[in-house]
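In what follows, residues are counted from 1 in the order of the sequence shown. Side-chain atoms are counted along with the backbone in the values below, which use heavy atoms only and exclude waters and symmetry mates.
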Amino acid sequence: MTKRYSARELIDLVVDEGTFESWDTEPITPAAGISEEYAAELAAAREKSGADEAILTGEGRVRGRRVAIVASEFRFLAGSIGIAAAERLTSAIERATAEGLPLLAGPASGGTRMQEGTVAFLSMVKITAAVNDHRKAGLPILVYLRHPTTGGVFASWGSLGHFSVAEPGALVGFLGPRVYEELYGEPFPTNVQTGDNLHRRGLVDAVMGPERLGETAAKALDVLMGALEVPAPVDNPDTSPNPMPSGTNAWDIITASRDEKRPGVRELLRYGARNVLPLNGTGQGEKDRGMILALATFGSAPCIVLGQDRRGQRKYEPMGPAALREARRGMRLADELHIPLVTVIDTPGAALSKDAEEGGLAGEIARSLSDLIALKAPTVSVILGEGSGGGALALIPADRVLSAENGWLSPLPPEGASAIVHRTRDRAAEMAQAQQVHCEKLVEHGIVDRVIAEKPNAAQEPREFSERVAQTLEYEIIDLMRVHPSRRRYQRIDRYRKLGI
């Protein structure tokens, strides 16, 4: 069973030894005063917990990086948030924002403090406002949901992290199960309000014990704070084919892209990246195995990667609207924290089904396009293999578009295009050549900026190919980080404005 740490024990576990400095001052007294009975409860809570309130705040260093920390002390009246605790928490978040510090939050709370009624309940508004200002300042928030986290705390600052992790075995949910049983006369269903279930549902990014928090937070912050200082330029790597493809057969390209042994986004992250931390789901109760979302660093270049997983789409199901909602979470994260975004295109096509239609697939493609076009952060798209239909379109518009030598981009799979034009699938190869879907022609038309060599086929050299893609990404990301956002956006839109004319 996971050890349940006090707030101070958790802080000491996460921060570098001897670096924590408390920000706490004497708790305020509510303007309306407190009763003698409640004063006695507070005194007993101080005696039991060794803390003066349900929130501890301060700063420390995590692997040398200065961070702000807020943590609940559950032994103080079940970690409940009253007026004094809310003021301490809000002030700490505001100070973190003013000092440009990332925020680590460790809630463990039954929610609002009932003894202080509606005024304490509405303190969640000012806490949320402070969190919003912190996020608007481009500063990361990492949340560790401890046992238990319920009620208004989970429904405010507990659910507003850029990266959220749950403690193993933790009760995490909006509704306290005891309240449910008292109100409805039956127990709440089991295994719903658990970190593991929230992870399965795409509501938290990971479940991990507190012993791993320091290292995980350090990796996350290396990426999420990476845009504050542009990395030094790197040499432009020699990763293009020599000579460039000429007179290639589109169907040969398509056939190579469909090889089951071909490396995809998973191999790219495994062989080419470091500081890889998967993000899980939309954060709103959905996840799709056709999409991978992760924090990562290519060389010295930090980024958020959102990639179409070729194996997930084939083994489980075609990429649906939830995948694009997950991708749009990555886009929002990149935009808010100014982190470069890498989109990896590798899809046989989005789901064609009743569920996809009713789930709003077309709208999600449109919104993905809209988000990408407007993004302030640097963007790089990589056509890693198949680039078919609306699923590919949703991730293509970027400041730089790269393609593997056996990458292609088409309005539909060639078989579908053949069926539309010729009423048969049998002329797919002819259609692919006529539509000029292969990378040689994509470069010629100004759709692709750069081709990454396969020697002779990525399926035969997965590690080496993935490393070439990673080297190219490092160079392109850093190069783009040195361009003013308004110029990047103008050039991004101008590329598509001039296509074909």
Is there a donor-acceptor contact under 3.5 Å linking the side chains of Ser156 and Thr128?
no

Would the distance check show the side chain of Thr57 and the main-chain N or O of Ala92 forming a donor-acceptor pair, the cut-off being under 3.5 Å?
no

Are the side chain of Asn280 and the backbone N or O of Ala206 linked by a donor-acceptor pair below 3.5 Å?
no

Before you tell me yes or no, could you show the steps for Val483 and Asp399 under side-chain contact (heavy atoms from CB on, under 4.5 Å), namely the whole-Å CA-CA distance, both residues' side-chain angles and the distance that decides it to 0.1 Å?
CA-CA 10 Å; Val483 180; Asp399 301 312; over 6 Å; no

For the backbone of Arg427 and the side chain of Ser418, can you confirm whether one donor and one acceptor N or O come within less than 3.5 Å of each other?
yes

If you round to the nearest 0.5 Å, how far is CG of Asn457 from CD of Glu405?
9.5 Å

What distance do Tyr475 atom OH and Asn236 atom CG have between them, rounded to the nearest 0.5 Å?
4.0 Å

Determine whether a donor-acceptor pair (N or O, by modelled atom type, separation under 3.5 Å) exists between the side chain of Arg329 and the backbone of Gly281.
yes

Taking Asp252's backbone N and O only, do any of them form a donor-acceptor pair with Asn249's side chain (distance below 3.5 Å, no angle check)?
yes

Quick check for you: to the nearest 0.5 Å, what is the distance between Phe298 atom CZ and Ile477 atom CD1?
6.5 Å

All side-chain contact (heavy atoms from CB on, under 4.5 Å) counterparts of Lys376, not counting sequence neighbours:
Asp335

Just so I know, are the side chains of Val265 and Val382 near enough to count as touching, which here means a heavy-atom distance under 4.5 Å?
no

Check: Arg492 side chain, Leu375 main-chain N or O, donor-acceptor pair, under 3.5 Å
yes

Taking only Lys NZ, Arg NE, NH1 and NH2, and the carboxylate oxygens of Asp or Glu, determine whether Arg146 and Glu9 approach each other closer than 4.0 Å.
no

For Glu364, is there an ion pair with Arg325 - N to carboxylate O distance below 4.0 angstrom?
yes

Please check if the number of heavy atoms outside Asp494 that lie under 6.0 Å from its CG is greater than 12.
yes

Would you call Asp309-Arg289 a salt bridge at under 4.0 Å N-O?
no

Under the criterion side-chain contact (heavy atoms from CB on, under 4.5 Å), I'd like the reasoning laid out for Tyr496 against Ile373: C-alpha separation, chi angles, the key distance, then a yes or no.
CA-CA 10 Å; Tyr496 297 98; Ile373 290 167; over 6 Å; no

Determine whether Leu409 and Val448 make a side-chain contact, defined as any pair of heavy atoms from C-beta on separated by less than 4.5 Å.
no

Enclosure of Arg425 CZ (heavy-atom neighbours >12, cutoff 6.0 Å):
no

Dump the intermediate steps for salt bridge (charged side-chain N to carboxylate O under 4.0 Å, His left out) on Arg274 and Asp222, then the final yes or no.
CA-CA 10 Å; Arg274 60 184 182 86; Asp222 278 349; 5.4 Å; no

Is any side-chain heavy atom of Leu213 less than 4.5 Å from a side-chain heavy atom of Leu13?
no

Do the side chains of Leu221 and Leu142 get nearer than 4.5 Å, heavy atoms only?
yes

Within the distance-only criterion (no hydrogens, no angle test), does the side chain of Asn406 pair as donor or acceptor with the backbone N or O of Ile253 below 3.5 angstrom?
no

With Thr347 as reference, evaluate Arg310, Gln313, Gln308 under the side-chain hydrogen bond (donor to acceptor under 3.5 Å, both in side chains) test and give the passing residue.
Gln313

When you measure from the side chain of Arg495 to the backbone N and O of Ile447, does any donor-acceptor pair fall under 3.5 Å?
yes

On a heavy-atom basis, the closest approach of Leu361 and Gly320 is CD1-C, 4.2 Å

Mind running salt bridge (charged side-chain N to carboxylate O under 4.0 Å, His left out) on Lys441 and Glu444 for me, showing each step along the way?
CA-CA 5 Å; Lys441 294 298 181 182; Glu444 188 177 305; 3.3 Å; yes

Test item: Pro168 and Val207 side chains (from C-beta on) under 4.5 Å apart, heavy atoms:
yes

As a quick check of understanding, evaluate salt bridge (charged side-chain N to carboxylate O under 4.0 Å, His left out) for Lys455 and Glu461, giving each step before the final call.
CA-CA 7 Å; Lys455 300 180 180 180; Glu461 44 143 17; over 6 Å; no

Results of side-chain contact (heavy atoms from CB on, under 4.5 Å) for Leu352 - residues two or more places apart only
none

Taking atom CZ as the centre, does Arg270 end up with more than 12 heavy-atom neighbours from other residues, nucleotides or ligands that are less than 6.0 angstrom away?
yes

More than 12 heavy atoms of other residues, nucleotides or ligands under 6.0 Å from CZ of Arg450: yes or no?
yes

Step-by-step side-chain contact (heavy atoms from CB on, under 4.5 Å) determination, Arg332 to Glu336
CA-CA 6 Å; Arg332 289 191 298 272; Glu336 193 166 280; over 6 Å; no

Side-chain heavy atoms of Ile93 within contact of Val131, under 4.5 Å:
yes

Identify whether the distance between the nearest side-chain nitrogen and carboxylate oxygen of Lys354 and Glu358 falls below 4.0 Å.
yes

Could you state the interatomic distance from OG1 (Thr343) to CE (Met291), rounded to the nearest 0.5 Å?
9.0 Å

So, do Trp251 and Gln433 sit near enough that their side-chain heavy atoms are less than 4.5 Å apart?
no

Hey, is the main chain of Gly385 close enough, under 3.5 Å, to the side chain of Ser257 for a donor-acceptor pair?
no

Atom of Ser381, atom of Leu395 and distance for their closest heavy-atom approach:
OG-O, 2.8 Å

Measure across Ile69 and Gly60 and return the closest heavy-atom pair with its distance rounded to 0.1 Å.
CD1-N, 4.3 Å

What are the two closest heavy atoms between Lys219 and Val276, and how far apart are they?
NZ-O, 3.7 Å

Apply side-chain contact (heavy atoms from CB on, under 4.5 Å) to the pair Phe163 and Thr216, showing each step before the final yes or no.
CA-CA 10 Å; Phe163 181 69; Thr216 300; 3.8 Å; yes

Distance only, no hydrogens: is a donor on one side chain within 3.5 Å (strictly under) of an acceptor on the other, for Glu440 and Thr248?
yes

When you measure from the side chain of His438 to the backbone of Ala432, do you find a donor-acceptor pair of N or O atoms at a distance under 3.5 Å?
no

If you measure only the distance, is there a donor-acceptor pair under 3.5 Å linking the side chains of Ser164 and Asp205?
no

A side-chain contact here means heavy atoms from C-beta on lying under 4.5 Å apart; do Gln460 and Lys261 qualify?
no

Side-chain H-bond candidate by donor/acceptor type, His422 with Thr424, under 3.5 Å:
no

Supply the atom-to-atom distance Thr297 OG1 to Leu473 CG, rounded to the nearest 0.5 angstrom.
12.0 Å

Pair Glu454-Arg262, salt bridge (charged side-chain N to carboxylate O under 4.0 Å, His left out): steps then yes or no:
CA-CA 11 Å; Glu454 302 186 33; Arg262 186 175 179 82; 2.7 Å; yes

If you compare all heavy atoms of Ala459 against all heavy atoms of Asp259, which two are closest, and at what distance to 0.1 Å?
CB-OD2, 3.6 Å

More than 12 heavy atoms of other residues, nucleotides or ligands under 6.0 Å from CZ of Arg258: yes or no?
yes

Look up atom CG in Leu103 and atom CG in Leu160, then write down how far apart they are to the nearest 0.5 Å.
11.0 Å

